[in-house]
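Each chain gets a letter, A, B and so on, in the order its sequence line appears, and its residues count up from 1. Computed from a prediction, not measured in an experiment: that's the story for all the values here.
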There are 2 protein chains.
Amino acid sequence: MTKILCRYKPVWNVQIQFRPAFLGGIMKATGNSPPAVIPKKGIYLQSDIVRLGKFCKLPLHLPADFFDVIITKGSLSAQRFLTALEIVHEKNGGIGNSPLLESLSRQFWIRIWSRDEDITKLDSLTAAAKEAGLTPALIEQLMTLHETSEVKERLKKVTNDAIENGAFGMPWLVVHLPGSPSFSLFGSDRMELLADLLGEKWYGPVPPLPKM
Amino acid sequence: MTKILCRYKPVWNVQIQFRPAFLGGIMKATGNSPPAVIPKKGIYLQSDIVRLGKFCKLPLHLPADFFDVIITKGSLSAQRFLTALEIVHEKNGGIGNSPLLESLSRQFWIRIWSRDEDITKLDSLTAAAKEAGLTPALIEQLMTLHETSEVKERLKKVTNDAIENGAFGMPWLVVHLPGSPSFSLFGSDRMELLADLLGEKWYGPVPPLPKM
(Lines give C-alpha, C1' and ligand atoms only; values in the text may rest on other atoms or scores of the structure.)
Protein backbone atom coordinates (compact mmCIF):
# COMPACT_ATOMS: atom_id res chain seq x y z
CA MET A 1 0.00 0.00 0.00
CA THR A 2 2.80 2.41 0.95
CA LYS A 3 4.54 2.12 -2.41
CA ILE A 4 1.30 2.55 -4.37
CA LEU A 5 0.31 5.48 -2.17
CA CYS A 6 3.71 7.05 -2.89
CA ARG A 7 3.14 6.53 -6.63
CA TYR A 8 -0.18 8.37 -6.33
CA LYS A 9 1.21 11.25 -4.22
CA PRO A 10 1.88 13.50 -7.25
CA VAL A 11 -1.12 12.15 -9.18
CA TRP A 12 -3.70 12.98 -6.49
CA ASN A 13 -1.60 15.76 -4.95
CA VAL A 14 -1.85 14.28 -1.45
CA GLN A 15 0.50 14.48 1.52
CA ILE A 16 1.63 11.30 3.27
CA GLN A 17 2.60 11.33 6.94
CA PHE A 18 4.35 8.09 7.97
CA ARG A 19 3.81 6.95 11.57
CA PRO A 20 6.21 4.07 12.43
CA ALA A 21 4.30 1.75 14.81
CA PHE A 22 4.72 -1.76 16.22
CA LEU A 23 2.42 -4.29 14.55
CA GLY A 24 2.99 -6.95 17.24
CA GLY A 25 1.73 -4.50 19.90
CA ILE A 26 -1.40 -3.71 17.87
CA MET A 27 -2.09 -7.43 17.38
CA LYS A 28 -1.64 -8.23 21.06
CA ALA A 29 -3.72 -5.31 22.36
CA THR A 30 -6.66 -6.09 20.08
CA GLY A 31 -6.63 -9.89 20.43
CA ASN A 32 -5.90 -10.20 16.72
CA SER A 33 -3.52 -12.78 15.26
CA PRO A 34 -1.49 -12.89 12.03
CA PRO A 35 -3.32 -14.57 9.12
CA ALA A 36 -0.37 -16.96 8.65
CA VAL A 37 -1.11 -18.76 11.95
CA ILE A 38 -4.09 -20.42 10.23
CA PRO A 39 -2.22 -22.98 8.06
CA LYS A 40 -4.48 -22.76 4.98
CA LYS A 41 -4.50 -18.97 5.21
CA GLY A 42 -0.71 -18.95 5.40
CA ILE A 43 -0.46 -21.07 2.25
CA TYR A 44 -2.92 -18.85 0.37
CA LEU A 45 -1.31 -15.65 1.67
CA GLN A 46 2.04 -16.54 0.14
CA SER A 47 0.62 -17.10 -3.35
CA ASP A 48 -1.56 -14.00 -2.92
CA ILE A 49 1.48 -11.84 -2.02
CA VAL A 50 3.45 -13.12 -5.03
CA ARG A 51 0.53 -12.46 -7.40
CA LEU A 52 -0.07 -8.99 -5.99
CA GLY A 53 3.65 -8.21 -6.19
CA LYS A 54 3.65 -8.99 -9.93
CA PHE A 55 0.41 -7.09 -10.50
CA CYS A 56 1.75 -4.04 -8.64
CA LYS A 57 5.15 -4.28 -10.35
CA LEU A 58 7.06 -4.59 -7.07
CA PRO A 59 10.45 -6.40 -6.86
CA LEU A 60 8.92 -9.00 -4.56
CA HIS A 61 10.48 -12.35 -3.60
CA LEU A 62 9.18 -14.21 -0.56
CA PRO A 63 11.64 -14.87 2.27
CA ALA A 64 12.61 -18.57 2.36
CA ASP A 65 11.35 -18.99 5.94
CA PHE A 66 8.27 -16.77 5.73
CA PHE A 67 6.91 -17.66 9.18
CA ASP A 68 10.23 -17.10 10.96
CA VAL A 69 10.90 -13.76 9.26
CA ILE A 70 7.40 -12.27 9.52
CA ILE A 71 5.95 -13.81 12.67
CA THR A 72 8.86 -14.83 14.90
CA LYS A 73 11.42 -12.11 14.16
CA GLY A 74 9.08 -9.23 13.28
CA SER A 75 10.19 -5.64 12.89
CA LEU A 76 10.51 -4.14 16.38
CA SER A 77 14.18 -3.02 16.04
CA ALA A 78 13.51 -1.55 12.60
CA GLN A 79 10.51 0.40 13.88
CA ARG A 80 12.60 1.70 16.79
CA PHE A 81 15.28 2.78 14.33
CA LEU A 82 12.69 4.63 12.22
CA THR A 83 11.27 6.22 15.38
CA ALA A 84 14.77 7.38 16.41
CA LEU A 85 15.13 9.02 12.98
CA GLU A 86 11.93 10.97 13.57
CA ILE A 87 13.08 12.09 17.01
CA VAL A 88 16.42 13.36 15.65
CA HIS A 89 14.57 15.07 12.79
CA GLU A 90 12.30 16.90 15.26
CA LYS A 91 15.18 17.83 17.58
CA ASN A 92 16.80 19.50 14.57
CA GLY A 93 13.66 21.57 14.07
CA GLY A 94 12.19 19.38 11.31
CA ILE A 95 8.42 19.55 10.76
CA GLY A 96 6.45 16.60 9.38
CA ASN A 97 8.34 13.44 8.40
CA SER A 98 12.09 13.39 7.83
CA PRO A 99 12.75 13.23 4.06
CA LEU A 100 14.79 10.09 4.83
CA LEU A 101 11.94 8.23 6.52
CA GLU A 102 10.37 7.00 3.30
CA SER A 103 13.68 5.79 1.85
CA LEU A 104 14.71 4.07 5.10
CA SER A 105 11.30 2.36 5.41
CA ARG A 106 11.66 1.19 1.80
CA GLN A 107 15.14 -0.22 2.48
CA PHE A 108 13.74 -2.30 5.34
CA TRP A 109 10.94 -3.47 3.03
CA ILE A 110 13.43 -4.41 0.30
CA ARG A 111 15.60 -6.36 2.75
CA ILE A 112 12.63 -8.52 3.87
CA TRP A 113 10.40 -8.70 0.81
CA SER A 114 12.89 -8.58 -2.02
CA ARG A 115 16.30 -9.84 -0.85
CA ASP A 116 15.44 -12.10 2.13
CA GLU A 117 17.82 -10.24 4.42
CA ASP A 118 17.64 -9.64 8.16
CA ILE A 119 16.26 -6.42 9.73
CA THR A 120 16.71 -7.34 13.40
CA LYS A 121 20.51 -7.12 13.96
CA LEU A 122 22.54 -3.94 14.42
CA ASP A 123 24.53 -4.63 11.23
CA SER A 124 21.29 -4.93 9.29
CA LEU A 125 19.96 -1.62 10.59
CA THR A 126 23.23 0.10 9.64
CA ALA A 127 23.30 -1.48 6.18
CA ALA A 128 19.71 -0.38 5.47
CA ALA A 129 20.49 3.14 6.70
CA LYS A 130 23.51 3.39 4.42
CA GLU A 131 21.51 2.30 1.40
CA ALA A 132 18.80 4.82 2.31
CA GLY A 133 21.41 7.59 2.11
CA LEU A 134 21.81 8.44 5.82
CA THR A 135 25.20 9.95 6.73
CA PRO A 136 27.59 7.94 8.96
CA ALA A 137 27.14 10.59 11.71
CA LEU A 138 23.33 10.25 11.62
CA ILE A 139 23.57 6.44 11.60
CA GLU A 140 25.87 6.62 14.64
CA GLN A 141 23.31 8.84 16.39
CA LEU A 142 20.43 6.45 15.64
CA MET A 143 22.46 3.45 16.83
CA THR A 144 22.88 5.12 20.22
CA LEU A 145 19.31 6.37 20.39
CA HIS A 146 17.16 3.51 19.09
CA GLU A 147 17.29 1.35 22.24
CA THR A 148 16.68 4.22 24.69
CA SER A 149 13.47 4.56 26.69
CA GLU A 150 12.79 7.83 24.84
CA VAL A 151 12.42 5.90 21.58
CA LYS A 152 10.61 2.97 23.18
CA GLU A 153 8.05 5.30 24.80
CA ARG A 154 7.50 7.24 21.58
CA LEU A 155 6.94 4.02 19.59
CA LYS A 156 4.55 2.80 22.28
CA LYS A 157 2.61 6.07 22.08
CA VAL A 158 2.27 6.00 18.29
CA THR A 159 1.20 2.34 18.49
CA ASN A 160 -1.39 3.18 21.16
CA ASP A 161 -2.64 6.12 19.09
CA ALA A 162 -3.27 3.69 16.21
CA ILE A 163 -5.11 1.29 18.52
CA GLU A 164 -7.26 4.13 19.89
CA ASN A 165 -8.00 5.12 16.29
CA GLY A 166 -9.39 1.61 15.72
CA ALA A 167 -6.41 -0.25 14.23
CA PHE A 168 -6.23 -4.03 14.67
CA GLY A 169 -3.49 -4.63 12.06
CA MET A 170 -1.50 -2.95 9.30
CA PRO A 171 -1.40 -1.14 6.95
CA TRP A 172 -3.69 1.31 8.78
CA LEU A 173 -4.40 4.59 7.02
CA VAL A 174 -6.00 7.69 8.53
CA VAL A 175 -7.44 9.91 5.81
CA HIS A 176 -7.83 13.65 6.45
CA LEU A 177 -9.99 15.68 4.09
CA PRO A 178 -10.57 19.43 4.41
CA GLY A 179 -14.02 20.13 5.83
CA SER A 180 -14.85 16.45 6.50
CA PRO A 181 -14.29 14.16 9.49
CA SER A 182 -11.22 11.95 9.11
CA PHE A 183 -11.74 8.23 8.51
CA SER A 184 -9.57 5.10 8.57
CA LEU A 185 -8.86 2.34 6.06
CA PHE A 186 -7.25 -1.04 6.70
CA GLY A 187 -5.32 -3.18 4.23
CA SER A 188 -3.47 -2.80 0.98
CA ASP A 189 -6.63 -3.64 -0.99
CA ARG A 190 -8.61 -0.46 -0.37
CA MET A 191 -6.74 1.81 -2.78
CA GLU A 192 -9.50 1.91 -5.39
CA LEU A 193 -12.01 2.66 -2.62
CA LEU A 194 -9.68 5.39 -1.31
CA ALA A 195 -9.61 6.97 -4.78
CA ASP A 196 -13.41 6.98 -4.82
CA LEU A 197 -13.63 8.50 -1.32
CA LEU A 198 -11.10 11.20 -2.30
CA GLY A 199 -13.06 11.92 -5.50
CA GLU A 200 -9.92 11.02 -7.49
CA LYS A 201 -9.38 8.67 -10.42
CA TRP A 202 -7.94 5.16 -9.94
CA TYR A 203 -5.55 4.08 -12.68
CA GLY A 204 -4.58 0.69 -11.19
CA PRO A 205 -1.46 0.02 -9.09
CA VAL A 206 0.90 1.77 -11.52
CA PRO A 207 -0.55 5.20 -12.38
CA PRO A 208 0.81 7.26 -15.29
CA LEU A 209 3.13 10.06 -14.12
CA PRO A 210 1.44 13.48 -14.10
CA LYS A 211 2.51 15.90 -16.84
CA MET A 212 4.95 18.53 -15.60
CA MET B 1 -17.94 -10.38 -5.28
CA THR B 2 -20.78 -12.48 -6.73
CA LYS B 3 -22.75 -9.46 -7.92
CA ILE B 4 -19.70 -7.79 -9.48
CA LEU B 5 -18.69 -11.08 -11.11
CA CYS B 6 -22.20 -11.35 -12.57
CA ARG B 7 -21.88 -7.79 -13.91
CA TYR B 8 -18.63 -8.77 -15.63
CA LYS B 9 -19.99 -12.04 -17.06
CA PRO B 10 -21.00 -10.47 -20.41
CA VAL B 11 -18.08 -8.00 -20.37
CA TRP B 12 -15.35 -10.66 -20.02
CA ASN B 13 -17.46 -13.42 -21.60
CA VAL B 14 -16.87 -15.78 -18.66
CA GLN B 15 -18.99 -18.60 -17.26
CA ILE B 16 -19.84 -18.70 -13.55
CA GLN B 17 -20.54 -21.98 -11.78
CA PHE B 18 -22.05 -21.43 -8.31
CA ARG B 19 -21.19 -24.03 -5.66
CA PRO B 20 -23.38 -23.53 -2.55
CA ALA B 21 -21.19 -24.44 0.46
CA PHE B 22 -21.34 -24.05 4.25
CA LEU B 23 -19.08 -21.27 5.52
CA GLY B 24 -19.33 -22.41 9.15
CA GLY B 25 -17.96 -25.82 8.15
CA ILE B 26 -15.03 -24.27 6.27
CA MET B 27 -14.21 -22.04 9.27
CA LYS B 28 -14.36 -24.94 11.74
CA ALA B 29 -12.30 -27.37 9.63
CA THR B 30 -9.52 -24.86 9.01
CA GLY B 31 -9.36 -23.36 12.53
CA ASN B 32 -10.35 -19.98 11.10
CA SER B 33 -12.73 -17.60 12.87
CA PRO B 34 -14.97 -14.79 11.60
CA PRO B 35 -13.30 -11.35 11.58
CA ALA B 36 -16.16 -9.94 13.66
CA VAL B 37 -15.10 -11.96 16.75
CA ILE B 38 -12.18 -9.52 17.18
CA PRO B 39 -14.10 -6.48 18.55
CA LYS B 40 -12.09 -3.77 16.73
CA LYS B 41 -12.21 -5.78 13.50
CA GLY B 42 -15.99 -6.12 13.89
CA ILE B 43 -16.38 -2.35 14.27
CA TYR B 44 -14.16 -1.64 11.26
CA LEU B 45 -15.82 -4.37 9.18
CA GLN B 46 -19.24 -2.76 9.50
CA SER B 47 -18.06 0.65 8.23
CA ASP B 48 -16.01 -1.11 5.54
CA ILE B 49 -19.06 -3.06 4.30
CA VAL B 50 -21.19 0.09 4.17
CA ARG B 51 -18.48 2.02 2.24
CA LEU B 52 -17.94 -0.86 -0.19
CA GLY B 53 -21.69 -1.22 -0.67
CA LYS B 54 -21.95 2.44 -1.75
CA PHE B 55 -18.85 2.20 -3.95
CA CYS B 56 -20.17 -0.95 -5.65
CA LYS B 57 -23.70 0.53 -5.96
CA LEU B 58 -25.32 -2.30 -4.02
CA PRO B 59 -28.59 -1.79 -2.07
CA LEU B 60 -26.77 -2.54 1.17
CA HIS B 61 -28.10 -1.86 4.68
CA LEU B 62 -26.50 -3.59 7.65
CA PRO B 63 -28.72 -5.87 9.75
CA ALA B 64 -29.52 -4.25 13.12
CA ASP B 65 -27.97 -7.14 15.08
CA PHE B 66 -25.00 -7.87 12.79
CA PHE B 67 -23.35 -10.41 15.09
CA ASP B 68 -26.55 -12.39 15.69
CA VAL B 69 -27.50 -12.52 12.00
CA ILE B 70 -24.05 -13.29 10.55
CA ILE B 71 -22.29 -15.26 13.27
CA THR B 72 -24.98 -16.89 15.43
CA LYS B 73 -27.71 -17.62 12.88
CA GLY B 74 -25.58 -18.11 9.75
CA SER B 75 -26.88 -19.52 6.49
CA LEU B 76 -27.00 -23.32 6.84
CA SER B 77 -30.72 -23.72 5.97
CA ALA B 78 -30.39 -21.35 3.02
CA GLN B 79 -27.38 -23.27 1.67
CA ARG B 80 -29.29 -26.55 2.04
CA PHE B 81 -32.20 -25.01 0.16
CA LEU B 82 -29.86 -23.91 -2.66
CA THR B 83 -28.27 -27.37 -2.68
CA ALA B 84 -31.73 -28.98 -2.95
CA LEU B 85 -32.43 -26.76 -5.97
CA GLU B 86 -29.28 -28.07 -7.65
CA ILE B 87 -30.21 -31.69 -6.93
CA VAL B 88 -33.70 -31.23 -8.43
CA HIS B 89 -32.16 -29.44 -11.43
CA GLU B 90 -29.79 -32.38 -12.04
CA LYS B 91 -32.53 -34.99 -11.56
CA ASN B 92 -34.44 -33.19 -14.30
CA GLY B 93 -31.43 -33.59 -16.60
CA GLY B 94 -30.08 -30.06 -16.07
CA ILE B 95 -26.39 -29.49 -16.78
CA GLY B 96 -24.40 -26.78 -14.98
CA ASN B 97 -26.22 -24.51 -12.51
CA SER B 98 -29.98 -24.17 -12.47
CA PRO B 99 -30.91 -20.81 -14.05
CA LEU B 100 -32.76 -20.10 -10.78
CA LEU B 101 -29.70 -20.57 -8.55
CA GLU B 102 -28.34 -17.08 -9.09
CA SER B 103 -31.69 -15.39 -8.47
CA LEU B 104 -32.40 -17.49 -5.36
CA SER B 105 -28.89 -16.78 -3.96
CA ARG B 106 -29.50 -13.08 -4.60
CA GLN B 107 -32.85 -13.15 -2.78
CA PHE B 108 -31.13 -14.63 0.30
CA TRP B 109 -28.47 -11.90 0.03
CA ILE B 110 -31.12 -9.18 -0.24
CA ARG B 111 -33.00 -10.51 2.79
CA ILE B 112 -29.86 -10.35 4.98
CA TRP B 113 -27.85 -7.47 3.55
CA SER B 114 -30.56 -5.15 2.29
CA ARG B 115 -33.81 -5.72 4.21
CA ASP B 116 -32.62 -7.24 7.53
CA GLU B 117 -34.90 -10.25 7.15
CA ASP B 118 -34.49 -13.80 8.35
CA ILE B 119 -33.13 -16.65 6.16
CA THR B 120 -33.26 -19.47 8.72
CA LYS B 121 -37.00 -20.23 9.08
CA LEU B 122 -39.14 -22.24 6.67
CA ASP B 123 -41.35 -19.21 5.92
CA SER B 124 -38.22 -17.19 5.02
CA LEU B 125 -36.95 -19.86 2.62
CA THR B 126 -40.37 -19.98 0.92
CA ALA B 127 -40.62 -16.20 0.68
CA ALA B 128 -37.14 -15.93 -0.89
CA ALA B 129 -37.97 -18.72 -3.34
CA LYS B 130 -41.20 -16.97 -4.40
CA GLU B 131 -39.36 -13.69 -5.01
CA ALA B 132 -36.71 -15.57 -7.01
CA GLY B 133 -39.45 -16.82 -9.35
CA LEU B 134 -39.62 -20.50 -8.32
CA THR B 135 -42.99 -22.18 -8.98
CA PRO B 136 -45.11 -23.29 -5.98
CA ALA B 137 -44.57 -26.92 -7.05
CA LEU B 138 -40.77 -26.52 -7.07
CA ILE B 139 -40.82 -24.70 -3.72
CA GLU B 140 -42.89 -27.57 -2.27
CA GLN B 141 -40.32 -30.05 -3.60
CA LEU B 142 -37.40 -28.13 -2.06
CA MET B 143 -39.18 -27.84 1.29
CA THR B 144 -39.44 -31.65 1.44
CA LEU B 145 -35.92 -32.23 0.15
CA HIS B 146 -33.75 -29.62 1.89
CA GLU B 147 -33.55 -31.38 5.29
CA THR B 148 -32.88 -34.87 3.89
CA SER B 149 -29.55 -36.64 4.28
CA GLU B 150 -29.15 -36.53 0.47
CA VAL B 151 -28.95 -32.72 0.61
CA LYS B 152 -26.89 -32.67 3.80
CA GLU B 153 -24.33 -35.08 2.33
CA ARG B 154 -24.11 -33.14 -0.93
CA LEU B 155 -23.56 -29.83 0.91
CA LYS B 156 -20.92 -31.51 3.09
CA LYS B 157 -19.15 -32.80 -0.04
CA VAL B 158 -19.10 -29.40 -1.78
CA THR B 159 -17.85 -27.80 1.44
CA ASN B 160 -15.10 -30.43 1.77
CA ASP B 161 -14.15 -29.94 -1.88
CA ALA B 162 -13.64 -26.24 -1.15
CA ILE B 163 -11.50 -27.04 1.91
CA GLU B 164 -9.40 -29.49 -0.11
CA ASN B 165 -8.98 -26.77 -2.72
CA GLY B 166 -7.47 -24.54 0.00
CA ALA B 167 -10.48 -22.49 1.15
CA PHE B 168 -10.46 -21.07 4.69
CA GLY B 169 -13.35 -18.62 4.20
CA MET B 170 -15.64 -17.09 1.57
CA PRO B 171 -15.98 -15.90 -1.12
CA TRP B 172 -13.68 -18.55 -2.58
CA LEU B 173 -13.25 -18.51 -6.35
CA VAL B 174 -11.67 -21.25 -8.49
CA VAL B 175 -10.56 -19.83 -11.82
CA HIS B 176 -10.29 -22.16 -14.85
CA LEU B 177 -8.41 -20.94 -17.91
CA PRO B 178 -7.98 -22.95 -21.10
CA GLY B 179 -4.45 -24.37 -21.31
CA SER B 180 -3.42 -23.19 -17.81
CA PRO B 181 -3.64 -24.77 -14.37
CA SER B 182 -6.63 -23.51 -12.35
CA PHE B 183 -6.00 -21.22 -9.40
CA SER B 184 -8.00 -19.88 -6.46
CA LEU B 185 -8.79 -16.41 -5.16
CA PHE B 186 -10.19 -15.44 -1.77
CA GLY B 187 -12.20 -12.37 -0.89
CA SER B 188 -14.30 -9.75 -2.63
CA ASP B 189 -11.27 -7.47 -3.03
CA ARG B 190 -9.38 -9.45 -5.69
CA MET B 191 -11.53 -8.48 -8.69
CA GLU B 192 -8.99 -6.11 -10.22
CA LEU B 193 -6.31 -8.78 -9.77
CA LEU B 194 -8.65 -11.34 -11.37
CA ALA B 195 -9.07 -9.03 -14.39
CA ASP B 196 -5.29 -8.83 -14.70
CA LEU B 197 -4.87 -12.61 -14.40
CA LEU B 198 -7.58 -13.14 -17.05
CA GLY B 199 -5.92 -10.59 -19.33
CA GLU B 200 -9.13 -8.54 -19.24
CA LYS B 201 -9.81 -4.88 -18.50
CA TRP B 202 -11.03 -3.72 -15.07
CA TYR B 203 -13.59 -0.90 -15.25
CA GLY B 204 -14.28 -0.66 -11.50
CA PRO B 205 -17.18 -2.32 -9.67
CA VAL B 206 -19.81 -1.11 -12.17
CA PRO B 207 -18.58 -1.92 -15.70
CA PRO B 208 -20.26 -0.38 -18.77
CA LEU B 209 -22.59 -2.83 -20.52
CA PRO B 210 -21.07 -4.39 -23.64
CA LYS B 211 -22.47 -3.17 -26.99
CA MET B 212 -24.91 -5.63 -28.56
Review point. Would one find more than 12 heavy atoms of other residues, nucleotides or ligands at under 6.0 Å from atom CG of A:Asp68?
Key: yes

Point to revise | Heavy atoms of other groups near B:Gln15 CD, more than 12 under 6.0 Å | key: no

Study note, to complete from the structure: Answer key: most heavy-atom pairs under 4.5 Å with chain A among B:Ser184, B:Gly187, B:Gly31, B:Pro39 is B:Ser184

Study note, to complete from the structure: Heavy atoms of B:Phe186 and A:Tyr44 approach each other most closely as N-OH, 2.7 Å

Exercise for review: Compare every heavy atom of A:Leu193 with every heavy atom of B:Phe55, then report the nearest pair and how far apart it is.
Suggested key: CB-CD1, 3.7 Å

Check your understanding: Atom OG1 of A:Thr30 and atom CD1 of B:Ile43: how far apart are they, to the nearest 0.5 Å?
Key -> 11.0 Å

Practice item. Spell out, as yes or no, whether a donor-acceptor pair under 3.5 Å connects the side chain of B:Lys40 to the backbone of A:Ile163. Key: yes

Point to revise | Side chain proximity check, B:Asp189 to A:Glu192, heavy atoms < 4.5 angstrom | key: no

Check your understanding: Which answer fits B:Leu197, side chain, backbone, both or neither, if we ask what part of it has an atom under 4.5 Å from a heavy atom of chain A?
Key -> side chain

